[in-house]
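Note that these values count all heavy atoms, side chains included, but never hydrogens, waters or copies made by symmetry. Just so it is clear: chains get the letters A, B, ... in the order the sequence lines come, proteins before strands, and each one is counted from 1.
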Protein chains: 2
Amino acid sequence: MVRAQALLGHTLGEVAAALGGRIDGESRSLKGRAGDLVERALGASAGSAAEPDFPALGIELKTIPVDERGSVSESTFVCTLQLARIADERWADSWVRRKLSCVLWVPVDAAPRPLTERRIGRARLWRPSPDEEVALKQDYDELAGRIGLGEIADLTAHTGRCLQIRPKGPDGSARTTALGPAGELVEVMPRGFYLRSSFTSALLQHA
Amino acid sequence: MVRAQALLGHTLGEVAAALGGRIDGESRSLKGRAGDLVERALGASAGSAAEPDFPALGIELKTIPVDERGSVSESTFVCTLQLARIADERWADSWVRRKLSCVLWVPVDAAPRPLTERRIGRARLWRPSPDEEVALKQDYDELAGRIGLGEIADLTAHTGRCLQIRPKGPDGSARTTALGPAGELVEVMPRGFYLRSSFTSALLQHA
DNA sequence: ACGGATCCATACCTGGATCCTG
DNA sequence: CAGGATCCAGGTATGGATCCGT
């Protein structure tokens, strides 16, 4: 937390310079760079799989784009759908719940200016409140239930008040195998769980 | 085959130049380069997994180092041991057999001179003869049997007349999980199947 | 001489997210 | 404006084999 507070008010360009890195190029070529940069700045174990960013602390790190009033401007990716496992996994043991059990949110200015000039906001360490967890569980159960019924191909991002399912892949032609309504194999685009910005905006206000 | 014959007598440097590539550096930094180069020269689908190099033809491509008399100077890697599957897989359905069912051998001069100066020999399209297949099957059954008994940790490259098992990994610290004699989990170095050079020397003489 | 150790290229997967068009 | 599409980095796995000490 001390390290995270120390970033408050600094631009991403300053952080990059301090770490000996650069963040140049088109904005669409920089999608994950702010996240990578803050991971390095805080000493997270980058790129490791199936573990929190700070394994010893059980903390997940997320940068989150906010406007001048503190509203979140984009949804937040949580994790990939594991189509093979989701039918057997209850909320209590789900990857989504583990990922969201303890998150360090680091707001980053989302104004339309060069990444190097955007400033880092006040970091918040968050655990879901009882109300938040109920809301997440309800969405999860509904989404997982529909997948269990083989309705994955018809599931859109419209379902879910705080948690939704959206495509997650290199492009629209990506395919993975899932089970259809009659138990048959169907090819669908890989998906991921995302948090709606209304949910993350609210939790940042509370925290 | 026409393309493969066309390479006869040319140096790897000539082939690299024709393809717009280079093969510089220390010899130990060039271990797989001859193979990569000949793949490109013959239009093989490089790097694809679980498929032959020429999927439509069912042909596997292997460059093989030979001395001036045509003797093979190194063993030939066949495939990785899949410790999880090998207990259930019979020779007839094994990855080893599929890999070796039809191979285009492209001899490459193994003399101790720069890779660019080494010459390509006469390519042979090979299928195992009945005798060769019996010999391979016997070795495979013995090796797979010992693995099935949980003896993987004690298996050395001494076992097998034509097919052997040797380490295959980035370095000696690599580890994978296997089953020991009492069904317990043991950590061992990843292994691969290899053909002894006596076997490949003989098959090149016949072909 | 050869068994154990090692080296490179490339594809693939996961984790980091934001882009952008109807 | 948000659902569907996409972009980059980095680690891991696989495929190409030969190196090299005992």
> A:Gly35 near the nucleic acid: base, sugar-phosphate alone, or nothing, with a heavy-atom cut-off under 4.0 Å?
Replying inline: sugar-phosphate
>> As a test of reading the structure: which of D:dG15, C:dT6, C:dA9 is closest to the side chain of B:Thr80, going by heavy atoms?
In response: D:dG15
> Under the 3.5 Å rule, do the base of D:dA17 and the side chain of B:Tyr194 count as making a donor-acceptor pair?
Replying inline: yes
> If you check the B:Ser75 side chain, which of D:dT18, C:dA17, D:dG16 turns out closest?
Replying inline: D:dT18
>> At less than 4.0 Å, is any side-chain N or O atom of B:Ser29 found next to OP1 or OP2 of C:dC8? Yes or no.
In response: yes
> On DNA chain D, nearest-nucleotide positions of A:Leu30 versus B:Asp36: which is more 5'?
Replying inline: A:Leu30
> Of all the nucleotides listed (C:dG3, D:dG16, D:dA17), which has the minimum atom distance to the side chain of B:Ala157?
Replying inline: C:dG3
>> Closest approach to the side chain of B:Lys168, judged atom by atom: which nucleotide of C:dG16, D:dT18, D:dG16 is it?
In response: D:dG16
> Within less than 4.0 Å of OP1 or OP2 of D:dC7, is there a side-chain N or O belonging to A:Arg33?
Replying inline: no
> Please give, in whole Å, the distance from D:dG15 C1' to B:Phe54 CZ?
Replying inline: 14 Å
>> Regarding A:Lys99 and A:Glu60, does a basic nitrogen lie under 4.0 Å from an acidic carboxylate oxygen?
In response: yes
> Charged N to carboxylate O below 4.0 Å: is that the case for B:Arg127 and B:Glu133?
Replying inline: no
>> Within the 4.0 Å heavy-atom criterion, would you say B:Gly25 contacts the bases, only the backbone, or no part of the nucleic acid?
In response: nothing
>> Among D:dG3, D:dC7, C:dG15, which nucleotide has an atom closest to any side-chain atom of A:His158?
In response: D:dG3
>> At 4.0 Å (heavy atoms only), tell me whether B:Glu39 reaches a base, stays on the sugar-phosphate, or touches nothing.
In response: sugar-phosphate
> When you measure from the side chain of B:Arg166, which nucleotide among C:dA9, D:dA5, C:dA5 comes out closest?
Replying inline: C:dA5
> Is A:Arg85 atom CZ crowded by more than 12 heavy atoms from other residues, nucleotides or ligands, each under 6.0 Å away?
Replying inline: no
>> Taking only side-chain N and O atoms of A:Lys62, does any of them lie within less than 4.0 angstrom of OP1 or OP2 on C:dA17?
In response: yes
> Could you state the interatomic distance from CG (A:Leu61) to CH2 (A:Trp105), rounded to the nearest 0.5 Å?
Replying inline: 10.0 Å
>> Just to be sure I understand the rule, does A:Glu60 reach a base, reach only the sugar-phosphate, or reach nothing, if contact means heavy atoms closer than 4.0 Å?
In response: sugar-phosphate
> In terms of side-chain heavy atoms of A:Arg28, which of C:dC20, D:dA17, C:dT18 is nearest?
Replying inline: C:dC20
> Quick check: does any side chain N or O of B:Gln5 sit under 3.5 Å from a backbone N or O of B:Val2, one acting as donor and the other as acceptor?
Replying inline: no
>> Can you pull out the residues from residues 87-113 of chain B that lie within a 4.0 Å heavy-atom distance of DNA chain C?
In response: none
> Picking from D:dC19, D:dG4, C:dA9, which would you name as closest to the side chain of B:Glu74?
Replying inline: D:dC19
> Can you list the residues that meet the side chain to side chain donor-acceptor pair (under 3.5 Å) rule with A:Lys137, with sequence neighbours excluded?
Replying inline: A:Asp141
> Residues two or more places apart in sequence or in another chain: which of them pass side chain to side chain donor-acceptor pair (under 3.5 Å) with A:Glu151?
Replying inline: A:Arg146
